[in-house]
Amino acid sequence: MVKKLFWPLILLSLLLSFAIACFAPVSTNAAARASAVISPASEAWQAALPADPMAATEAYMQRISPINKARSDAYFEGGYWLLLANTLLGIGACWIILKSGILIRIRIKAEKITRFKFLHNLSISTGFVFFLTLLSFPLTAYQSFFREHQYGLSNLSFTAWLTEQAISTTISVLSMGFFLSLIYLLIQKMPRLWWALGAVLSIGLLSVMMLLGPVYIDPLFNQYQPLSDQKIKEPILSIARANGIPADNVYQFDASKQSNRISANVSGIFGSAAIRLNDNLLHRCSPSEIEAVMGHEIGHYVLNHVYKLLLNFGLILLFGFIFIHKILTFSVKRWGQKHNIRHHSDPVSLPFFMAFLSAYFFLMTPVQNTIIRTAETEADAFGINAARQADGMAEANLKLTEYRKSDPGYLEELFFFDHPSPKKRIYAAMRWKAEHLK
Ligand SMILES: [Zn+2]
């Protein structure tokens with residue numbers, strides 16, 4: 001049944017994606033809408049804030065209008081359901097690919113063309129990721145295009161979005177296909193220990209991606225150029241120098257073509273460092289807000305968060321691979337013959353592998369979020385001491401409430417937030433300010 005319906009299903013998925021994207025409520029005045037979310041305030045307003053950190057935080061929170069709060073809460077809470085929807089759709093797509101027998105057909109073709117095991121793995125893995133991406137594409141179109149426009153958070157036209165999707169999909173299909181074929185090579189060569197080496201290999205490949213990403217991948221989406229405004233650049237470089245960062249330039253990039261979100265990063269591993277900020281931060285924020293944000297980003301670099309996160313992610317993956325090792329062997333023994341899977345080291349078992357991995361990562365969401373959120377809290381503490389811009393930090397966080405729920409419940413934050421909530425971050429800034437005013 002699924003065998004016959006596979007190609008019509010792929011076609012239907014593409015048509016549906018196209019229809020979803022076509023019906024998106026595209027508007028071009030997202031910038032105007034974003035700036036209307038928060039009522040502006042002057043330096044005099046900041047100076048007159050109450051000394052009590054909680055009262056000052058409340059004064060900041062009052063500047064978010066009820067309509068806008070409701071809108072950004074709805075946007076953020078919808079993300080919880082999207083997390084579930086993505087996992088379920090991914091598992092469903094794995095089931096369709098398994099039932100369709102398409103991977104068996106790729107295996108037969110690959111074995112006719114070459115006798116190299118790795119090339120068999122590579123063609124099956126790449127084919128698998130390709131079909132998985134196509135079957136999930138309607139949700140991708142809804143999530144990354146329709147919904148972003150619905151909430152006035154995207155500046156991309158349909159063609160620009162499609163072009164970006166084509167580039168990012170090509171990169172992810174090729175890199176994931178390559179990664180999975182290496183994992184299966186490990187399962188074939190070291191069937192008892194593949195999970196340990198697999199975790200090490202994953203960290204290694206992620207490090208390479210982090211090293212090459214800023215140089216080769218980021219410029220495919222945005223233009224980077226040295227920041228010319230000395231009044232902005234000099235204070236940032238001063239914070240960097242004071243904290244031992246080996247950088248002598250700051251770069252800006254044109255993220256406003258995608259959205260109005262403010263963002264920056266200090267990237268680089270193995271001794272390299274590049275300080276980069278987007279044009280939204282430059283155009284929508286005051287110098288004190290820019291310094292606060294850059295202090296935070298410099299904090300990530302100085303506190304070696306990249307290495308710590310890689311290590312933590314490696315551990316999560318290690319436990320995930322141990323779980324998959326057990327359950328994949330069992331599943332292939334139980335259902336393998338029915339689906340023409342020779343052994344659990346046969347990459348045709350990928351639908352099982354990926355379905356279990358997605359379920360595992362879904363369950364690990366609160367753990368991953370808590371690891372990242374902890375690093376973000378550390379970077380906040382570092383940043384405010386480095387930049388000494390408490391109100392700048394509060395103002396920048398207020399802007400983040402355009403798309404982040406400002407005041408979630410305790411468990412909600414624990415499960416779904418990969419950054420502390422804006423209210424908590426504003427409170428931290430006001431607490432710092434109160435202690436430094438004494
Ligand atoms: Zn951060």
Side-chain angles (χ1 to χ4, degrees), residues 72 76 79 206-207 209-210 213-214 218 222 235-236 239-240 242-245 247 250-253 255 258-269 272-282 284-285 288-313 316 365-406 408 413-432:
S72 60
F76 200 84
L206 262 176
S207 311
M209 289 289 272
M210 281 174 162
D218 295 351
N222 291 99
I236 297 174
I239 302 172
N243 293 287
I245 291 195
V250 179
Y251 295 87
Q252 70 175 83
F253 59 101
Q258 282 109 354
S259 76
N260 301 305
R261 298 176 190 218
I262 55 171
S263 180
N265 60 71
V266 178
S267 61
I269 56 172
S272 65
I275 304 176
R276 313 188 299 175
L277 70 166
N278 76 14
D279 56 349
N280 293 321
L281 183 65
L282 277 177
R284 295 186 56 202
C285 293
S288 65
E289 290 167 56
I290 297 175
E291 282 169 40
V293 171
M294 297 319 288
H296 169 98
E297 299 304 330
I298 285 169
H300 279 309
Y301 188 92
V302 176
L303 298 169
N304 288 316
H305 282 163
V306 159
Y307 306 106
K308 291 172 190 167
L309 290 178
L310 274 174
L311 204 66
N312 280 309
F313 185 71
I316 291 178
T365 305
V367 179
Q368 294 182 79
N369 279 344
T370 300
I371 291 170
I372 302 172
R373 202 175 56 246
T374 308
E376 294 298 337
T377 310
E378 288 174 3
D380 274 353
F382 183 98
I384 199 161
N385 282 301
R388 311 177 71 79
Q389 296 287 3
D391 285 298
M393 184 168 159
E395 290 288 344
N397 271 289
L398 207 57
K399 289 198 172 75
L400 298 183
T401 65
E402 285 161 11
Y403 55 89
R404 224 175 251 171
K405 189 170 181 176
S406 50
E413 183 166 350
L414 189 76
F415 273 74
F416 298 113
F417 276 66
D418 62 359
H419 282 70
S421 69
K423 187 177 181 182
K424 264 199 181 154
R425 299 176 89 178
I426 293 174
Y427 175 74
M430 291 303 102
R431 187 179 54 195
W432 186 94

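All ligand and atom numbering here is 1-based and tracks the order in the structure.
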Task: Partners passing side-chain contact (heavy atoms from CB on, under 4.5 Å) against Arg373 (at least two apart in sequence or in another chain) - done: Asn369, Thr370, Glu413, Leu414, Phe417, Pro420

Task: Which residues share a side-chain contact (heavy atoms from CB on, under 4.5 Å) with Gln252, sequence neighbours left out - done: Gln225, Leu227, Leu282

Open item on the list: So does Ala255 get a backbone contact from the side chain of Asp279, meaning a donor-acceptor N/O pair under 3.5 Å?
Closed with: yes

Open item on the list: I'd like to know: is the Zn ion (ligand 1) within the 2.8 Å range of an N/O/S atom from His419, strictly under that distance?
Closed with: no

Open item on the list: Using a distance threshold of 2.8 Å, state whether an N, O or S atom of Glu297 lies below it from the Zn ion (ligand 1).
Closed with: no

TODO: List the atom of Ala375, the atom of His305, and the distance in Å for their closest heavy-atom pair.
DONE: O-CE1, 3.0 Å

Open item on the list: Need the atom name: nearest N/O/S atom of Glu376 to the Zn ion (ligand 1).
Closed with: OE1

